[in-house]
Amino acid sequence: RSWLARYLSARAFVAKFIGLVAALAAGYFIGREGPMVHLSAALSVLLMKLPPFDEVIDNDHQRKRAMLGAACAVGVVATFGTPIGGVLFSVEVTATYYMVNNLWRGFLGAIACIVCFQALQDADLIESVTPSELAFVPHVSWQYLAFALLGALQGMLSGAIVQLMSLIAQTLRQSGLLRPVAPRVLTAFTICIAAAASKFVIPNAKTDPIQVLDGLFAGGPLLGSAHASGGHSGAAAGTAAGTEAGTAAAGGPAHGGSW
């Protein structure tokens, strides 16, 4: 079988599902979009092998590609709840060219997914990122240059991480640690223990990603500044309370008004 068939097999689907649930439950910062798109595409391939889809879709290469594109859109919608963004993502990454008559399939899948997404959110079974409301004030600032440099730095770091992961995977394959079952499980447990231990070393590693995003796009101070400002506010409140108590003990009114 080709690498794509193994990548979208039932074995890969079960392994990715269990690994994703366990990693997110442990609080690892692994991202959700990529795994959800992979799960959606693998599930669509498995469904296309069932009757009556096997005769209609599985043997037709064009329809199969269209269903995979719609599955990618559904995966993005299931992650962020953005149907238009999901369809645009499927158009962007699934093919070098895109058939316009396949567009309605992506929109139909995205609409069906957003209905289920909203129903689960209303039932408090899932949690989404709080919509941000930022007032845009036109201005010119040196911060634009800093943002551009930060974006370029993040792009270079992302490329370095991809190269590092490819090197690690190639080294593990050549060393034979991924072939037998026992060394493979031992390697996975070692990586999990190292990742879990790093959460106690890296500052703010145990903070929920949704809380980080909410604090980043909120109108108030950031999470780190909130504690400092909270301390100053507490000190100010204590000073005010002490002043009020002293005034009351001296026989004067505790507040600016009369008794």
Side-chain angles (χ1 to χ4, degrees), residues 1-25 28-121 125-129 131-132 151 154-155 158-159 161-163 165-166 169 209-210 213:
R1 296 188 301 172
S2 64
W3 66 270
L4 184 59
R6 295 193 301 268
Y7 186 75
L8 301 177
S9 63
R11 183 178 179 181
F13 176 82
V14 174
K16 178 58 70 71
F17 179 82
I18 297 176
L20 178 62
V21 172
L24 291 179
Y28 294 152
F29 292 91
I30 62 172
R32 303 180 184 181
E33 179 183 0
M36 289 299 293
V37 171
H38 183 195
L39 288 174
S40 180
L43 183 60
S44 68
V45 170
L46 296 177
L47 291 177
M48 283 187 286
K49 295 183 180 300
L50 299 177
F53 305 113
D54 55 346
E55 298 180 357
V56 180
I57 301 178
D58 193 49
N59 296 325
D60 191 337
H61 182 69
Q62 294 296 332
R63 289 185 177 180
K64 196 171 184 177
R65 290 179 67 93
M67 290 299 103
L68 285 176
C72 291
V74 170
V76 175
V77 177
T79 307
F80 301 112
T82 53
I84 298 178
V87 174
L88 294 178
F89 176 85
S90 66
V91 173
E92 178 184 0
V93 303
T94 55
T96 55
Y97 62 93
Y98 192 84
M99 300 297 294
V100 180
N101 56 358
N102 293 333
L103 194 61
W104 70 270
R105 297 182 175 91
F107 272 110
L108 182 61
I111 292 173
C113 185
I114 195 61
V115 170
C116 298
F117 185 94
Q118 190 63 43
L120 293 175
Q121 185 176 358
L125 296 178
I126 60 175
E127 182 180 3
S128 61
V129 179
S132 58
Q154 288 180 335
S158 300
I161 291 175
V162 171
Q163 293 295 330
M165 293 298 296
S166 300
I210 294 182
L213 291 176

Heavy-atom closest contact (F117 atom, F80 atom, distance): CZ-C, 4.3 Å
To the nearest 0.5 Å, atom NE2 of H38 lies from atom SG of C72 at 10.0 Å
Can you check whether V37's main-chain N or O pairs, donor with acceptor, with S40's side chain at less than 3.5 Å? no
Can you establish whether the number of heavy atoms outside I84 located under 6.0 Å from its atom CD1 is more than 12? no
Provide the closest heavy-atom pair for L68 versus A41 in the form atom of the first, atom of the second, distance. CD2-O, 3.9 Å
Report yes if the side chains of M36 and V76 come closer than 4.5 Å at any heavy-atom pair, otherwise no. no
Sole candidate of V45, L46, L43 that passes side chain to side chain contact (heavy atoms under 4.5 Å, CB included) when paired with L8: V45
Looking only at heavy atoms, what is the nearest atom pair of R6 and A12, with distance? O-CB, 3.6 Å
Please give me the minimum heavy-atom distance between V77 and G86, naming the atom from each residue. CG2-CA, 4.3 Å
Over all atoms of both residues, closest heavy-atom pair of P35 and K16: CB-CD, 4.1 Å
Drop me the distance from Q118's CD to C113's SG, to the nearest 0.5 angstrom. 11.5 Å
State the CG-OG distance between L88 and S90, to the nearest 0.5 angstrom. 7.5 Å
